Visitor: 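Take a look at the following structure, please.
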Amino acid sequence: MTITGIAGEAEAGHISVRGLTKRYGDLTVFSKIDLTVRAREIVALVGPSGCGKTTLLRCIDGLLPADGEISIDGKRVTEPPEGVAVVFQHFGLFPWKTVYDNVAYGLRMAGVDAAEIARRVPNFIGLVGLTGFEKAYPYQMSGGMQQRCGLARALAIEPSVLLMDEPFAAVDAQTREILQFELLRIWERRPTTMVFVTHSIEEAVLMGDRVVVLQGRPSHIDQDIDIDLPRPRSRETLSDPRFAELRERVWANLMNEARRAEFQLGA
Amino acid sequence: MTDAALAPDRPTMLPRLYAGAAIVVLWELVVRGFAPSYVATPFGIAMALPRVLADATFLKATAITLGAVAEGLVIALAIGTVLGLLIGRSLVADRALRHYVNACYAVPMIVVLPLVSLWFGYTGAARLATIVFAASFSIAVNVADGARAVPRDYLEVAHSFRSSEGRALFEIVLPASMPYFLAGLRLAAGRALIAAVVAEFFTAIPGLGYFILYNSRVFRHNDAFVAVLLLGGFGVGFDALVNYATRRYLPWYRRADGDN
Ligand SMILES: Nc1ncnc2c1ncn2[C@@H]1O[C@H](COP(=O)(O)OP(=O)(O)OP(=O)(O)O)[C@@H](O)[C@H]1O
Ligand SMILES: [Mg+2]
């Protein structure tokens with residue numbers, strides 16, 4: 001099996017979520033979620049803290065059981081599928097491995113041969129700007145650097161589906177911007193399906209083909225907003241009047257909910 | 001944690017030296033004043049040291065005992081690690097084995113000596129079996145604790161990258177339990193040393209334990225004490241070795257602990 005082969009296939013990376021409900025004991029995190037992500041589409045997932053974004057990503061990766069049905073490319077997800085990579089909110093780096101070995105981990109697990117690993121790993125380390133830190137351990141790096149290392153590990157297996165849980169939450173504003181455009185560039189070169197969780201509305205609108213708003217208690221998909229900004233997106237996109245318009249729309253949406261919640265608390 | 005905490009620094013060395021000197025002087029005075037002449041004194045030991053260190057019997061005994069301890073530790077490492085990982089990660093293995101392993105850990109290894117010497121005779125094999133028995137379970141108990149305490153996040157990442165359970169056991173659980181493993185190894189080394197010496201006392205097979213026994217019986221207590229000191233030195237040395245290896249090969253371990 002070659003991982004590169006998967007991306008070559010037409011329409012790889014189609015995600016379908018049907019009637020998904022997740023409960024933890026008495027707590028229903030979300031109920032009856034329906035979500036379709038077409039191949040090579042970027043869906044930005046936003047919503048208040050604790051609404052179940054991470055939980056939803058876990059379910060899509062087959063890490064958590066839930067009621068309902070999830071399939072990727074028509075295959076029902078019951079365990080982590082091939083060709084799906086996750087960038088974890090908690091980074092999930094192994095403290096006993098160097099940057100190099102952390103990035104190589106996914107490739108080793110996929111059975112990629114040593115020569116190919118040696119060729120690919122430095123590329124992806126360079127891509128996230130960690131060249132020179134190959135031998136560093138996670139404890140020697142800032143949170144932002146650790147997050148970029150986790151990003152490189154996920155990108156390195158050249159997945160057809162990338163599930164990203166606030167991948168830029170721990171990086172500073174400048175690095176964040178650099179990485180956003182870098183990720184867009186990577187996507188242009190090799191479009192993959194992405195589900196992208198973020199707390200930044202700007203980021204959601206900049207990256208996404210759609211912005212999906214998850215909220216309520218238990219949460220559900222409250223809004224599914226098409227972002228019809230042209231691609232390739234770049235710094236100019238940020239000054240597009242349409243960008244500002246869409247950003248306001250998503251913002252108003254989330255704010256309404258926040259006010260409703262406040263009102264309920266006050267009552 | 002800083003490097004100062006890893007290496008002994010001056011302020012902690014001084015009290016150690018004073019205490020050592022006080023013990024030596026007190027020992028010398030008490031023995032000279034109140035004990036028969038064959039009882040070991042620091043001065044007598046110092047005088048005996050060059051002769052004993054050049055003695056072929058002593059050197060051979062040292063090689064035999066330390067060789068047996070090393071061999072036993074390697075076997076115990078394998079048994080203890082596998083047992084510990086099983087108990088720590090498999091509910092079935094935990095239910096089936098936990099109490100037996102804890103019992104074996106608690107039982108003084110001396111009680112198995114009469115049994116193993118029946119099975120293996122008064123041979124090096126009996127000593128090796130005693131060492132393995134004494135050392136395996138402290139590793140198993142510690143590795144099991146470590147394996148249970150592995151953060152779920154790590155296992156989730158492994159699972160997400162489609163690692164098999166078996167691979168995750170050795171590539172994730174084992175390195176993540178390294179601090180526990182090292183604690184177990186230190187305990188095991190001490191217990192292995194005791195086991196070796198006690199086995200030699202009991203079975204009278206050649207080795208440092210027997211060297212001590214024999215020299216005590218012929219009232220050469222100073223000679224016997226050189227071997228005692230060597231055993232003590234071995235314990236300290238092994239600890240230092242583990243410390244050094246930790247710093248050199250597991251640099252992440254203390255730092256990662258200190259940060260989170
Ligand atoms: N293992 C678990 N057991 C019980 N409840 C859980 C568990 N994991 C998550 N939850 C609960 O599920 C809800 C959703 O959690 P989740 O981590 O998916 O939120 P999130 O949207 O990712 O939040 P954030 O934006 O803060 O990352 C929370 O209320 C949380 O307390
Ligand atoms: Mg989350």
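Hydrogens, waters and symmetry mates play no part in the numbers below; they use all other heavy atoms, side chains included. It should be emphasised that the depicted structure is a prediction, and the values quoted were computed from it without experimental measurement. Sequence lines set the chain letters: A, B, ... in the order given, protein chains first and strands last, and positions in each chain run from 1.
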Visitor: More than 12 heavy atoms of other residues, nucleotides or ligands under 6.0 Å from CZ of Arg18(A): is that the case?
Guide: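 More than 12 heavy atoms, drawn from other residues, nucleotides or ligands, come within 6.0 Å of this atom.
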
Visitor: Test your reading of the model: is there a side-chain donor-acceptor pair from Arg162(B) to the backbone of Pro80(A), 3.5 Å cut-off?
Guide: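 A pair under 3.5 Å: yes.
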
Visitor: What do you reckon, is CZ of Phe234(B) surrounded by more than 12 foreign heavy atoms closer than 6.0 Å?
Guide: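 Correct, the count exceeds 12.
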
Visitor: When you look at OH of Tyr18(B), are more than 12 heavy atoms from neighbouring residues, nucleotides or ligands closer to it than 6.0 Å?
Guide: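 Check fails, neighbour count at 12 or below.
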
Visitor: State the CE-OG distance between Met109(A) and Ser164(B), to the nearest 0.5 angstrom.
Guide: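 These two atoms lie 7.5 Å from each other.
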
Visitor: Given heavy-atom pairs under 4.5 angstrom as the criterion, report whether the side chain, backbone, both or neither of Tyr105(A) touches chain B.
Guide: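 Tyr105(A) touches chain B through side-chain heavy atoms alone.
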
Visitor: Walk me through it: do Val86(A) and Phe161(B) pass the test side chain to side chain contact (heavy atoms under 4.5 Å, CB included)?
Guide: CA-CA 8 Å; Val86(A) 183; Phe161(B) 280 104; over 6 Å; no

Visitor: Would you check, one step at a time, whether the test side chain to side chain contact (heavy atoms under 4.5 Å, CB included) holds for Asp153(B) with Phe88(A)?
Guide: CA-CA 9 Å; Asp153(B) 289 352; Phe88(A) 292 89; over 6 Å; no

Visitor: If I measure from the heavy atoms of chain B, does Leu93(A) come under 4.5 Å with its side chain, its backbone, both, or neither?
Guide: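 Backbone only.
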
Visitor: Non-hydrogen atoms of chain B under 4.5 Å away: do they reach the side chain of Arg108(A), the backbone, both or neither?
Guide: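 Contact with chain B is through both the backbone and side chain of Arg108(A).
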
Visitor: Is there a ring-ring contact (aromatic ring centres under 6.0 Å, His included) between Trp96(A) and Tyr154(B)? Walk through the geometry before answering.
Guide: CA-CA 11 Å; Trp96(A) 57 89; Tyr154(B) 299 159; 5.4 Å; yes

Visitor: Is Glu69(A) atom CD crowded by more than 12 heavy atoms from other residues, nucleotides or ligands, each under 6.0 Å away?
Guide: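 Yes, because the 6.0 Å sphere around CD of Glu69(A) holds more than 12 heavy atoms from other groups.
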
Visitor: Are any of the side-chain heavy atoms of His159(B) and Asp61(A) separated by less than 4.5 Å?
Guide: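 Counting from C-beta outward, His159(B) and Asp61(A) never come under 4.5 Å.
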
Visitor: In terms of heavy-atom pairs under 4.5 Å with chain B, which of Arg153(A), Lys97(A), Glu79(A) leads?
Guide: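 Ranked by heavy-atom pairs under 4.5 Å with chain B, first place is Arg153(A).
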
Visitor: For Trp252(B) and Tyr139(A), which heavy atoms make the closest approach, and how far apart are they?
Guide: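 Between these two residues, the closest heavy atoms are CA-CE2, 3.3 Å.
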
Visitor: Does any non-hydrogen side-chain atom of Tyr137(A) lie less than 4.5 Å from one of Leu250(B)?
Guide: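 The answer is no; the side chains never approach within 4.5 Å.
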
Visitor: Tell me, for Pro81(A) versus chain B, whether the close heavy atoms (under 4.5 Å) come from the side chain, the backbone, both or neither.
Guide: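 Backbone only.
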
